[in-house]
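Note that this is a predicted model, so its numbers are computed, not measured.
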Amino acid sequence: MQIKELLGHNQKWLHTDEHIKDLKDNFIFSESYHDVIISHLWYNNIRSFDDLYHLSIKDTDSYLEKFDVLYEAAYVAHKILNEGREIFIYTDYDTDGGLAAAILIDFLKKAYNYKLNRNLFWATSIKAEGYGISKNVVTKILERHPNVLVFILDTGGSSYSELNKILSRPGYTIILDHHNITEEVESLIYKHNNLYFVNPKAYDYRPLYSVCSGTLSYLFVRTVALFSGRQELYELSESYVDCAAMATVADYMPYSGINSLIVHSGFNQYKNRTRIFFEELTKDNKYATKSLRDFVINVGWYLAPRLNAAGRSNNADIMLKTILLGMDKKPEETKEFQELVNKLNEIYQNFKKERAEYETHITSLILQKYGAINEGTDHIVVFIDHGQEAPLSAVITKMVFKYNVPMFIFANKIDRWSGSGRLPRDLISFYPNSFDILKNNGVFRVNGHYGAFGVLLYEMEKASQVEKAVENFVRSLGDYKRLLGMNKSFMHGYAKHGSEVMQVCNEIKSLGIYKSDDSPKFLIDTSLIETQRLCQAIKVNNNDNENIIRVTIDKNTQISLNTIKQSKYAIASYDINSNGTPTIIIHDAIKDQMDT
């Protein structure tokens, strides 16, 4: 990729046109969600923007064609479910784990008439017990459920001892997980015939490498439904794509490959189906969920924080109960559901207060170490003086959005340093192998996935080497380093003609990602701007004087219209004003010339 740095009157801008070079005459682009569109078009060799919204089920299936373990596990499960035999489900305590479990449990109840606490049992992990399979749950499975089919969701990849004990039973174990796995755990796959480890990373299956556990659960129930041969079960399984989309957004997964299809399909499903748990837990957002962007915001800033707060404060059971009772338009038990929602909101408010105090503490440590954070800052590494981890994931995620650089926070656990790391979304999108480079640094251990992961430093004396290891990691990214840092925006595409401007605007409108400070930006030729009917406008069609788009200047931009017109190129975005008029907003003008 060639990244061009453009100097504007207000700030620096980064530009590339390589993402659209293979799309022939189709002017496809985006900023925050560029790979929702681009990667899926590339993967499925689609060459028309409209085709993205007319995808069939075969497009999803194309990602699964050679993922044999998914079909093998679904076939075994299908036979057991037909007999109504007992099922035990264990899941991780975060939003992804909760939604993965909710998809599976709700499907079993509706498709196979399973009954909770009769032939269907579940348990959640507890934050206080640490990440992985709980020793208490292992004991419970061995003593009470020795012959049943056990599902382990969103965990298990680093729990060799616990998993080995579970596999000593005669019953089958199916794991649906997306995290990296240890070599010890991987060895169990080939040692035990009663284990189906449905994890793309275990088989280096790249088409599904970036999916979350919620998506794996959704794909699993779809595959079980296919084996059933019953149309009503298949339609039911398809209805869970909105939950998979929520899990994808909540778990910080890159919007690439199949994830693009899941998120878009999930939003479309959301528009046609009400899940009361989503409505209740996002109602603090005063804006309606009308666009894809609204949906993503509601998941990322309202739903996931509340569900994660419960999990990280040892109340994951409340999280899962709330989702399960609210999977339909009306809750199964209205009174209990409302009590659980109120409890979740109470937990979240307490967690939010704790997080604010924690964030203030970490911010002070960052400023002590680095001074002012500016455009030259390309990473942040902090060692905190106590091991409080409850709000750490939420705090570091927020800070990565704020600073837009790789960030690592190590907490003192007396015998080791452990904590969390995050990579900016742009970095994940443009350089998906960055996680693999990072985890092989030789100084600290990394376990997790792409942009969100745990970090562990067993040897305390290596603490002084962490900063150097992160610096080497950033340096190894080469040109991608220019994507990092504050006060930089990224854009795709260059509209040279009025018709291209109109095409861009229509595509942004159809994506629903306008009306925000970080909406997609694109370059336009300033010679297109002319005076029309006492306002500035761009002609969409040179042969039609009536067909124009109004042009305004961003109120926060300290440049004049004259300066803009004297520049060859301007930075623009699309909006619809309060009167419903399509509008081009000019944010900056480029000082220097550029090759296009």
Side-chain angles (χ1 to χ4, degrees), residues 1 3-8 10-16 19 29-36 249-256 293 296-297 300-301 304-305 355 359 362-363 365-367 369-382 392-409 419-435 437-438 446 448-453 455 467 470-492 513 516-521 556 571 573 587-588:
M1 179 201 301
I3 300 173
K4 305 168 186 176
E5 191 171 86
L6 308 179
L7 181 61
N10 291 324
Q11 67 174 78
K12 289 180 181 178
W13 298 82
L14 300 176
H15 170 63
T16 180
H19 291 284
F29 79 102
S30 171
E31 182 190 358
S32 299
Y33 303 103
H34 73 278
D35 46 357
V36 174
V249 175
D251 216 39
Y252 209 71
M253 305 309 298
Y255 299 143
S256 57
R293 179 173 180 77
V296 170
I297 287 174
W301 297 104
R355 184 184 66 191
E359 184 178 343
I362 292 176
T363 300
L365 293 176
I366 291 174
L367 294 178
K369 182 173 182 179
Y370 294 97
I373 303 299
N374 53 44
E375 193 173 306
T377 305
D378 59 20
H379 70 275
I380 295 173
V381 177
V382 174
L392 178 55
S393 297
V395 169
I396 193 171
T397 298
K398 182 178 178 181
M399 287 188 164
V400 167
F401 273 107
K402 179 179 179 181
Y403 297 126
N404 198 36
V405 298
M407 187 166 180
F408 302 80
I409 300 179
S420 292
R422 294 290 185 273
L423 302 181
R425 282 197 186 278
D426 281 344
L427 177 57
I428 304 165
S429 300
F430 286 109
Y431 202 32
N433 290 332
S434 57
F435 181 81
I437 295 174
L438 176 64
V446 178
H449 57 81
Y450 288 103
F453 44 84
V455 287
E467 190 92 33
V470 175
E471 288 176 358
N472 290 338
F473 160 67
V474 174
R475 191 177 300 114
S476 71
L477 302 179
D479 205 24
Y480 290 91
K481 180 180 174 182
R482 298 170 66 185
L483 293 172
L484 306 176
M486 299 176 62
N487 301 319
K488 288 185 178 180
S489 293
F490 202 85
M491 74 204 77
H492 306 270
I513 51 177
S516 73
D517 292 338
D518 60 349
S519 61
K521 307 296 190 299
N556 296 318
I571 308 297
S573 67
H587 299 275
D588 203 351

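- Closest of all the heavy-atom pairs between Leu423 and Pro406 is CD2-CB, 3.8 Å.
- The two residues Ser434 and Leu477 come nearest to each other via the heavy atoms CB-CD2, 4.2 Å.
- Put simply, the residue from Leu6, Leu7, Asn10 that forms a side chain to side chain contact (heavy atoms under 4.5 Å, CB included) with Asp588 is Asn10.
- Here the rule is side chain to side chain contact (heavy atoms under 4.5 Å, CB included) with Met399, and of Val382, Ile380, Ile362, Ile373 only Ile362 fits it.
- Contact detail for Asn404 and Pro424: the closest heavy-atom pair is OD1-CB, 3.3 Å.
- Looking only at side-chain heavy atoms (C-beta outward), Glu467 and Val470 stay at 4.5 Å or farther from each other.
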**Message:** Evaluate Trp13 against Ile571 for side-chain contact (heavy atoms from CB on, under 4.5 Å), listing each step before the verdict.
**Reply:** CA-CA 9 Å; Trp13 298 82; Ile571 308 297; 3.6 Å; yes
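- Looking at every heavy atom in both residues, Val395 comes nearest to Arg355 through CG2-CG, 3.2 Å.
- The structure places NE2 of His379 at 9.5 Å from CZ of Arg475, a figure rounded to the nearest 0.5 Å.
- Taking a cutoff of 4.0 Å between a charged side-chain nitrogen and a carboxylate oxygen, Glu359 and Lys402 do not qualify as a salt bridge.
- Taking the six-membered ring where the residue is Trp, Phe408 and Phe453 present tilted rings, their angle falling between 30° and 60°.
- Of all heavy-atom pairs spanning His587 and Ser573, the tightest one is NE2-OG, 2.6 Å.
- In this structure, Ser420 OG and Ile396 CD1 are separated by 5.5 Å, a value rounded to the nearest 0.5 Å.
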